[in-house]
Structures are given as structure tokens and as C-alpha cells.
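Have a look at the structure below before the remarks.
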Amino acid sequence: GSDIRFIGIPKTIDNDLVLTDHTPGYGSAAKYVAASVREIALDASVYQQKAVTIVELMGRHAGWLTAASALARKLEGDNWALIYLPEEDLEKQNSVVVCVSEGISDASGTFICEYGDEAMVDNFGHKMLTGCGKVLENFIRHRFGVKVRSVELNVNQRCSGMLASETDIEEAAEAGQK
């Protein structure tokens with residue numbers, strides 16, 4: 001009987017909510033990820049030595065943002081990005097860009113970031129999923145003996161306004177009006 005009305009807006013850019021075709025902000029975050037991974041891949045491609053660059057992306061249990069990293073491909077063989085670890089050697093290319101969701105886990109369900117010392121718990125009791133890129137970087141360096149680095153895009157994925165999608169801008173204005 002109250003005249004007060006509430007509207008709920010999903011607080012996720014992971015694009016993984018049931019019964020939604022997309023979540024607010026996903027398009028902008030996907031655009032940011034694709035552009036960033038393209039730039040990282042271009043940077044990595046200039047080196048003559050074998051190298052791996054790991055890009056850690058948001059996604060506790062969803063890989064939508066990680067999948068978006070391939071959207072920046074323009075030509076066949078361009079932006080050679082892989083999901084998880086590559087199973088091919090580096091004979092075909094000198095550099096490989098590997099994009100991983102922060103929530104990747106092993107077969108037993110243990111988050112890869114828990115292999116490192118950085119895993120902590122936030123105020124809500126959720127495991128803070130950060131550091132899987134660094135864990136994988138160390139593994140690859142020791143296992144394959146190639147140049148390797150990891151990049152964690154972190155909060156930039158959800159807060160960068162420079163690459164906002166038109167749909168996100170329109171929906172944000174519409175939600176504010178309603």
C-alpha cells in the first residue's frame with residue numbers, strides 16, 4: 001500500500017544473470033576489454049623472442065568478458081589471443097596473448113588464484129579472485145622458460161567511460177528517467 005516504488009538494477013557486468021539478454025555495462029566493458037587486449041597484442045607482437053602475455057579479466061563464474069577479448073580481431077591470425085593456457089607451442093608465432101577469467105579453477109574447483117599467497121576474503125565473505133594471472137605467469141616462466149608477464153585489467157573494465165557502448169548510454173539515461 002505504500003506509494004514508494006523501487007526498481008532493481010543488476011550490479012554486474014559479467015552478463016551472467018538468468019532471464020536477461022544482457023546486463024547494464026557489459027557492452028562497454030566488453031568494448032574496453034577488446035580494445036585493451038588488441039593494444040596488448042600489438043605491443044607483444046614487436047618482440048623477436050618467444051613471449052607470453054597473460055591478461056587477467058573479471059568474471060567469477062562467467063567468461064563473457066574473457067570471450068570479448070577476441071572481438072578486436074580484424075584479420076585471420078590477428079590478435080592471437082587464447083582462452084586459458086595455449087596447447088600449441090610458440091613455433092607458429094613469437095608471442096601469445098592468453099586471456100583468463102579471474103574465476104578460473106582447476107578440476108577440483110580450487111581457484112587458480114588460491115595457488116598464490118594473495119587470495120583473501122572481502123567484506124561479504126567472497127574470495128577475492130585476484131592474482132591468477134601472476135600464478136600462471138610464474139608457472140609458464142618456470143615450465144617453458146620464455147619471457148612472460150601478466151596484466152590485470154581489474155576495475156578499469158567496469159569504470160572506463162571512454163569506450164562506453166551506445167546501448168549502455170541509452171539504457172543508463174532511460175533507467176535514470178524512470
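- Put simply, the side chain of Ile40 reaches to within 4.5 Å of the side chain of Val55, judged on heavy atoms.
- Under the 3.5 Å distance criterion, the side-chain polar atoms of Thr110 are left unmatched by any main-chain donor or acceptor of Asp106.
- The minimum heavy-atom distance linking Ala164 with Lys31 is given by the pair O-NZ, 3.8 Å.
- A distance of 5.5 Å separates SG in Cys99 from CG in Leu57, rounded to the nearest 0.5 Å.
- With sequence neighbours left out, the side chain to side chain contact (heavy atoms under 4.5 Å, CB included) criterion links Ala175 to Ile9.
- Counted within 6.0 Å of CD on Glu166, heavy atoms from surrounding residues, nucleotides or ligands total 12 or fewer; the atom is thus considered open.
- Contact annotation: the side chain of Ser105 never approaches that of Ile112 to less than 4.5 Å [non-hydrogen atoms, C-beta and beyond].
- The CG atom of Leu153 lies 10.0 Å from the OG atom of Ser69; values are rounded to the nearest 0.5 Å.
- With contacts defined as side-chain heavy-atom distances shorter than 4.5 Å, the pair Leu136/Ser150 does not qualify.
- Counted by atom type alone, Asp168 and Tyr26 present zero donor-acceptor pairs between their side chains at under 3.5 Å.
- Between Tyr115 and Phe111, the closest heavy-atom pair is CD1-O, 3.8 Å.
- When atom types are taken as modelled, the side chain of Ser2 and the backbone of Ile4 share a donor-acceptor pair closer than 3.5 angstrom.
- Remark: the Thr167 side chain and the Ser165 side chain contain no N/O donor-acceptor pair separated by less than 3.5 Å.
- At least one donor-acceptor pair under 3.5 Å links the side chain of Thr66 to the backbone N or O of Ser101.
- The two atoms that bring Ala68 and Ala34 nearest to each other are O-CB, 3.4 Å, heavy atoms only.
- Interatomic distance, CD1 of Ile169 versus CD of Glu174, reported as 14.0 Å (0.5 Å rounding).
- Residues Arg38 and Asp43 are not paired through a salt bridge, judged by the lack of any N-O separation under 4.0 Å between the basic side chain and the carboxylate.
- By the side chain to side chain contact (heavy atoms under 4.5 Å, CB included) test, Glu152 is found to be paired with Glu56, Thr130, Asn154, residues two or more places apart in sequence or in another chain being considered.
- Looking at heavy atoms from C-beta onward, Val148 lies out of side-chain contact with Thr53 at the 4.5 angstrom threshold.
- Between Ala35 and Leu163 the shortest heavy-atom distance is CB-CD1, 3.7 Å.
- Among all heavy-atom pairs drawn from His142 and Asn138, the shortest one is ND1-O, 2.7 Å.
- With contacts defined as side-chain heavy-atom distances shorter than 4.5 Å, the pair Ile54/Ile140 qualifies.
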